Colleague: 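The structure's right below; bear with me while I get my questions together.
Because the structure is a prediction, the values reported are computed rather than measured.
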Amino acid sequence: MTDKSAAPEKKDFIRKIMDEDLEAGRVKTIVTRFPPEPNGMLHIGHSKAIVIDFGTAEERGGYTYLRFDDTNPTTEDTMYVESIQRDVHWLGFDWGDRLRFASDYFDQLYEWAEVLIRDGKAYVDSLNEAEIREHRGTVKQAGERSRYADRSIEENLDLFRRMKAGEFPDGSHTLRARIDMANPNMKMRDPLIYRIRHAHHHRTGDKWCIYPMYDYAHPLSDAIEGITHSLCTLEFENNREVYDWFVENVPCNARPRQYEFARLNISYTVMSKRKLLELIEAGIVDGWDDPRMPTLSAYRRRGYTPTAIRAFVNSIGVSKANSIVDKMQLENAQREELNYTAPRRMAVLEPLKVVLTNYPEGEEEHLEAVNNPERPEDGVRNVPFSRELYIEREDFMEDPPKKFFRLAPGREVRLRYAYFITCEEVVKDANGTITELRCTYDPATRGGDAPDGRKVKATLHWVSAGHAVEAEVRLYDHLFAHPNPLSVKEGEDWKQNLNPTSLVTLKQCKLEPALMEVDQGYRCQFERKGYFYVDQDSKPGALVFNRIVTLRDTWAKIEKQLKHQGKL
RNA sequence: UGGGGUGUCGCCAAGUGGUAAGGCAGCGGUUUUUGGGGCCGCCAUUCGCAGGUUCGAAUCCUGCCACCCCAGCCA
């Protein structure tokens, strides 16, 4: 199999820039970084950044830093630095000994801030938060420099050192770059470099009470690490000018460049930490790893594979246009892999009993079933067969429409790897609910072929009643009913438009006995139903399976059409 | 009456003056003991719109339109 999770052969604009820089000798090794802030869980949107950051460098023999952007002690937590590392590893990337924290550079960053002051390029401002906002002007109006901007270098240095020494309360002073309060780019209007925060930092403890801002810390951390290509998302385009200003005005000897690409959005879900948190707090999902969430921990729990996620990311390309990728594209990547790797098993999710009236009572036999038709080398297994079986309820219709060619009264179908059976009688209870089908089987069709060349139009999966293993099966679907949950009318809550069947839990499903002893983490295809994964809640004797993704289902499409036309 | 970006098939996305790649979805057919999968075929005379330059424009020029981002002591 060709590795679909490998780099795309068509180069995107970032890969082109890297190769040009290499060829022109502007850089000799590609060095990138993935810079998460440790204040939340990673979601599939991040996997695009991760795959691009690590992938582009790796392909070119370069390397990547995993750098936590921990410049804001009030929102960050070590618990996230662990979960983020686990997720990046799970996706299949390794940073070797290049784990870093922006806080590792606090001393250097501080030194360079003093250099900026000495060069007259930074000053201590003592405006309060509201005043700073007012002085910044608006998007269409120039700002105005602070009345504190003209302090002497000595005074600035003294004030800054006392800020560092903890002499002032939070918010009383800031260090700002002296750039241009009238710049049409708001980010260039004397951006803040340091703010006072008497807060405990998860790594530096109480050493600091001033913390650098992103616009200052990020470019210079890149410079310190020798990052050549600093890749980020579109909303930072305006920050690039500040990025360059700091790199050029501080005595670092590196020249990293920032490039921006569009972040990943997927239909039928939302992709921001804040909104995901809202879903949890509203009780709409069970937590960060609820399999309906787009977090990496949720995909992992649901049963998605890291290789499929990487293949998906590589399939969508890299560009600068905002977009929402069809979730089918992700599902396709997962099916493509599992079709090749997942063993096939039979499982009846919504059982309907079938009694073979001409099959001897008390008898059983074992029939050979292929493990994976895509890979004959995976061999075969034996599946027990007997007089009483279960088939899928939806595989029988008493009064079938033209296009339904599964089991119906008087109709003959094949039981996969077993026999042809014909439905002779429908048994119902007092409410008219079908409780049992009485059928006959043709002993000559053992294995599933008729010696007389007779054909059937359908093959059903089944499980022998006496041998069935019971399990709980959780069928997952997208959480939202609308492809773009956020496109709601004014005043409407985006959390309203939910898919009522995003989770359907089925108990007492009937599985073939080969599934009896599977462990957590086991993945297989339930024939004709989809790909499934043994959930972490699963225990021997109380198995729990998650549906990762369905199989493509032509009948479901026809059924939907028929219902739409009122013919069903 | 600011600045920075983006607009190519239903959804992604190549293309950078020589006459619209590819993937996903969809639709036919074929094969098939999964209505799965495989295989074959169809699916943009047209590139946000309007002009212009050119033998020739998605690509160059001009004007317009739409959408996204920027006024955190967040990142």
Colleague: Does A/Ser315 place a side-chain N or O at less than 4.0 Å from the phosphate oxygens OP1/OP2 of B/rG23?
Modeller: no
Colleague: Measure from CD1 on A/Ile193 to P on B/rC74 and round the result to the nearest Å.
Modeller: 15 Å
Colleague: Under a 4.0 Å threshold between the charged nitrogen and the carboxylate oxygen, would A/Arg15 count as salt-bridged to A/Glu59?
Modeller: yes
Colleague: Just call it for A/Asp449: base, sugar-phosphate, or nothing, with non-hydrogen atoms closer than 4.0 Å on any strand.
Modeller: base
Colleague: Roughly how far, to the nearest 0.5 Å, is CD1 of A/Ile309 from OG1 of A/Thr307?
Modeller: 8.5 Å
Colleague: Measuring to OP1 and OP2 of B/rG26, would you say a side-chain N or O of A/Lys557 lies under 4.0 angstrom away?
Modeller: yes
Colleague: Can you check the A/Arg416 CZ to B/rU32 P distance for me, whole Å?
Modeller: 14 Å
Colleague: Check the distance between B/rA75's P and A/His43's NE2 and give it to me in whole angstrom.
Modeller: 17 Å
Colleague: For B/rG72, decide between syn and anti, treating a glycosidic angle within 90° of 0 as syn.
Modeller: syn
Colleague: Can you measure A/Asn332 atom CG to B/rG26 atom P for me and round it to whole angstrom units?
Modeller: 10 Å
Colleague: Please work out whether the ring planes of A/His478 and A/Tyr268 are parallel, tilted or perpendicular, with thresholds of 30° and 60°.
Modeller: parallel
Colleague: Between atom CD in A/Glu241 and atom C1' in B/rG5, what is the gap in whole Å?
Modeller: 14 Å
Colleague: At under 4.0 Å between heavy atoms, how does the protein contact nucleotides 68-73 of chain B? Give one character per nucleotide, 5' to 3', with B, S or -.
Modeller: SBBBSB
Colleague: Can you tell me the distance, in whole Å, between the CG atom of A/Asn314 and the P atom of B/rG22?
Modeller: 20 Å
Colleague: Taking atom NZ of A/Lys457 as the centre, report whether more than 12 heavy atoms of other residues, nucleotides or ligands fall under 6.0 Å from it.
Modeller: no
Colleague: Check the orientation of A/His218 and A/Tyr243. Use parallel for under 30°, tilted for 30 to 60°, and perpendicular for over 60°.
Modeller: tilted
Colleague: With a 4.5 Å heavy-atom cut-off, do A/Arg416 and A/Val383 have their side chains touching?
Modeller: no
Colleague: Taking atom P of B/rA25 as reference, at what distance in whole Å does atom OH of A/Tyr268 sit?
Modeller: 14 Å
Colleague: Should A/Ile44 and A/Leu330 count as side-chain neighbours, where that means a heavy-atom distance under 4.5 Å?
Modeller: yes
Colleague: Ring of A/Tyr123, cation from A/Arg151 - is the NZ or CZ under 6.0 Å from the centre and inside 45° of the axis?
Modeller: no
Colleague: Give none if B/rA71 has no partner; otherwise give the nucleotide forming a Watson-Crick or G-U wobble pair with it, both distances under 3.5 Å.
Modeller: none
Colleague: Is A/Thr75 near enough to B/rA75 that one of its side-chain N or O atoms lies under 4.0 angstrom from OP1 or OP2?
Modeller: no
Colleague: Are any of A/Lys320's side-chain N or O atoms less than 4.0 Å away from OP1 or OP2 of B/rG4?
Modeller: no
Colleague: Would you measure the distance from the P atom in B/rC12 across to the matching atom in B/rU16 and give it in whole Å?
Modeller: 22 Å
Colleague: Is there a side-chain contact between A/Pro191 and A/Met213 in this structure, where contact means two heavy atoms from C-beta onward sitting under 4.5 Å apart?
Modeller: no
Colleague: Please report the C-alpha distance between A/Phe526 and A/Phe545 in whole Å, then the side-chain angles of each, then the deciding distance to 0.1 Å, and finally whether the ring pair (Phe, Tyr, Trp, His ring centres under 6.0 Å) criterion is met.
Modeller: CA-CA 10 Å; A/Phe526 287 169; A/Phe545 284 82; 5.1 Å; yes
Colleague: For A/Asn371 and B/rU34, what is the distance between atoms CG and C1' respectively, to the nearest whole Å?
Modeller: 14 Å
Colleague: Can you give one letter per nucleotide of nucleotides 35-40 of chain B, going 5' to 3': B for a protein heavy atom under 4.0 Å from the base, S for sugar-phosphate only, - for none?
Modeller: BBS---
